[in-house]
Amino acid sequence: MKIDPFDPQRLHSQFLDSMTTNGMRTIGAIVAWAHVRAPGIGAERWGDVGRSRSGVLRWIQIDADLIGLKGKMPGVDIELCDNPSGGGTHIEVGAGNLRMLLAHDSDPQTLVPVCDYGKLLTRSNTNWLFPELQAEEDAKRKRNRSTYYAVLFHSKASSKGDAPYCLEVRFPDGEEKYAADHLKLYALFPELMDETWLLKASMNWMALPVAKEEKIKEEGLPKLRRPGQVGN
Amino acid sequence: MRLNTPSFQGARLREAREARALSQVMLAELLGLSSASVSQYESNDQSPSPQVMSRISGILNLPSHFFTTPRLERPAPSLFWRSRSAATQRIRHAHERRYEWFRDVISVLVDHVEFPMPRIPNLNPPADPVMISNDDVENFAVQTRQFWNLGDGPISNVVWLAENNGCVVVRSDLDDEKLDAYSNWDADDSWRCYIFLGTDKQSAVRSRYDVAHELGHAVMHRNTPDRVKRKSDLHRLMEQQANRFAGAFMMPATSFPSEVYSPTIQTLLHLKSRWQMSISSMICRLFDLESIDEDRKRLLFIQMSRNGWRRREPLDDSLEPEEPRLLKRTLDLLLDNGILYNEELVRRTHLSARVIEKVLGISEGYLDEPPATLSLPLRLG
């Protein structure tokens, strides 16, 4: 796989070495599909796109989808982890010694407590999936200092009907701040732009589980007693 | 003692008065008598003249033979009250009296029909409610769903679910907005559960919650002695447990929170029509599940107050209350087939047709008896 030549920390190569191509494509598909379906399915089920849906819902879907893939991708660990710079929980995707953090923020007004994938802090419409690292916070939580972090960035083009537009893995620079370089997933996996492919993928991986309604029939009917039968 | 009405039963007059939550003074005013006279009638020191007896019968809307027939001795009911603390003892006592009348009617009906066999799961709950933890309550709710072969989705009709499993549900005007519902069960009849719902608030979702709450008592507190139920602190604890059960039963931890994509009242409003639970109860459920913290819960309730949703939520006007069917179908079965006649029902229960309709939650006039012009409707206060 061809990667961007600018790779001062060899993050790209380590990332790709430790994560299978299929794994990367899967994660990319999840993110892309979440983009696609957030307005559509969300509108049908939960009404118009609004402040909470455009950003928060997308992250929830991504998180839910990722948790759904837990244990299904060889070489890829998907776990709920404590938020290293605040309360709540977020998703970490790990491959080898590389960890990717998803959906992270500390704004309590956008607290998103949902289902079994726990508490997730995020900000509406935020595009940054991964935090800047804070050494002190990191040390407090005794995180593995050798762990590399990447940022998954994605956006959609409103001028193209909210189609997926950009999907990149961004790597922190030597100061462990924001992205120093990036990996363009749509370029690597063009099929991720294909809605048909995404739909198929979603059928297999990404359907939000919705419990079926328990339809209760009227069955509690009185019966006449037989002659001579004693009442209670 | 001057006997103007032979066999007059003072205890019956007290029973009828208390069923309407009337004091002796209030009844005396309605009858145009002194309260001392009413007191003497009730203590059997004096019996009313035929004219007064007629007024009593008319005002209290009960046939005269009610007042001359001794009550069949039955242990005093120990009801579970779902009410605000402001609900007075007088009102509760009134409903205890009505419950006795209800049982009088039921005892006549079951001479002719069999109700569905009660199927309240016996999960061996401890007798002492203090021994029931929150985890226990959650488990009881899960096991009750399993016992009734339910998945973890929204329940389309919880009243029918209760009736299908042998509960008898009555929806009627409880005449006091401080009283939401109450229930009792009959250990001698396979723990048949009787659930009484109010129509006063006309909120379908609150009523669904009330049914689940009363089912919670039936599942969790069946072994709790009456003396424990009467202790206020333990009663409060049992109410909390029944509330938690209602939330867990109606909104399972395995399904409901996964649909809460954002903890906002707008989100919960979207979910209200699917789960048919009040927004308030959904907030409390999320808090029980630790999906939201105390601050978020407070914020949501503040937002509800600002929107004026604490008393009446959106959709409360459009969601139809679930109507019990069992008792109506029982009467249809008996009356339409000539197995039981209105007159016999009145004669055997010593109650008027209007009162029978009221205690069974049947529409007024069903038993086709013209209302007495002098009579008081069966209302409290």
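Throughout, a chain's letter reflects where its sequence line sits, starting with A, and its residues are numbered from 1.
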Best-contacting candidate, A/Lys223, A/Lys217, A/Glu218, against chain B by heavy atom pairs under 4.5 angstrom
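Option with the top pair count is A/Glu218.
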Is it the side chain or the backbone of [X] that comes within 4.5 Å of chain A heavy atoms, both, or neither?
| X | answer |
| --- | --- |
| B/Arg145 | side chain |
| B/Leu109 | neither |
| B/Leu269 | neither |

Below 4.5 Å, heavy-atom pairs only: which of [options] has the largest tally toward chain A?
| options | answer |
| --- | --- |
| B/Leu289, B/Asp186, B/Leu150 | B/Leu150 |
| B/Gly153, B/Pro116, B/Gly166, B/Ser156 | B/Ser156 |
| B/Asp295, B/Leu327, B/Thr330 | B/Thr330 |

Does any N or O in the side chain of A/Glu214 come within less than 3.5 Å of the main-chain N or O of B/Gly151, such that one atom is a donor and the other an acceptor?
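The answer is yes, because a donor-acceptor pair under 3.5 Å joins these two groups.
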Has A/Arg225 got a side-chain atom pairing as donor or acceptor with B/Val110's backbone, closer than 3.5 angstrom?
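Pair found, side chain donor or acceptor close to backbone of B/Val110.
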How close do A/Glu213 and B/Pro154 get, counting heavy atoms only, and between which atoms?
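Between these two residues, the closest heavy atoms are CG-O, 3.3 Å.
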Interface residues of residues 207-214 of chain B facing chain A - non-hydrogen atoms under 4.5 Å apart
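Result: none.
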How long is the straight-line distance from CG of B/Leu326 back to CD of A/Glu219, given to the nearest 0.5 Å?
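Between A/Glu219 CD and B/Leu326 CG, I get 13.0 Å after rounding to 0.5 Å.
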Hey, what do you get for CG (A/Leu224) to CD1 (B/Ile339), rounding to the nearest 0.5 Å?
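Reported to 0.5 Å precision, the distance equals 4.0 Å.
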Can you list the steps and then say if A/Leu221 with B/Leu333 is a side chain to side chain contact (heavy atoms under 4.5 Å, CB included)?
CA-CA 10 Å; A/Leu221 300 175; B/Leu333 185 67; over 6 Å; no
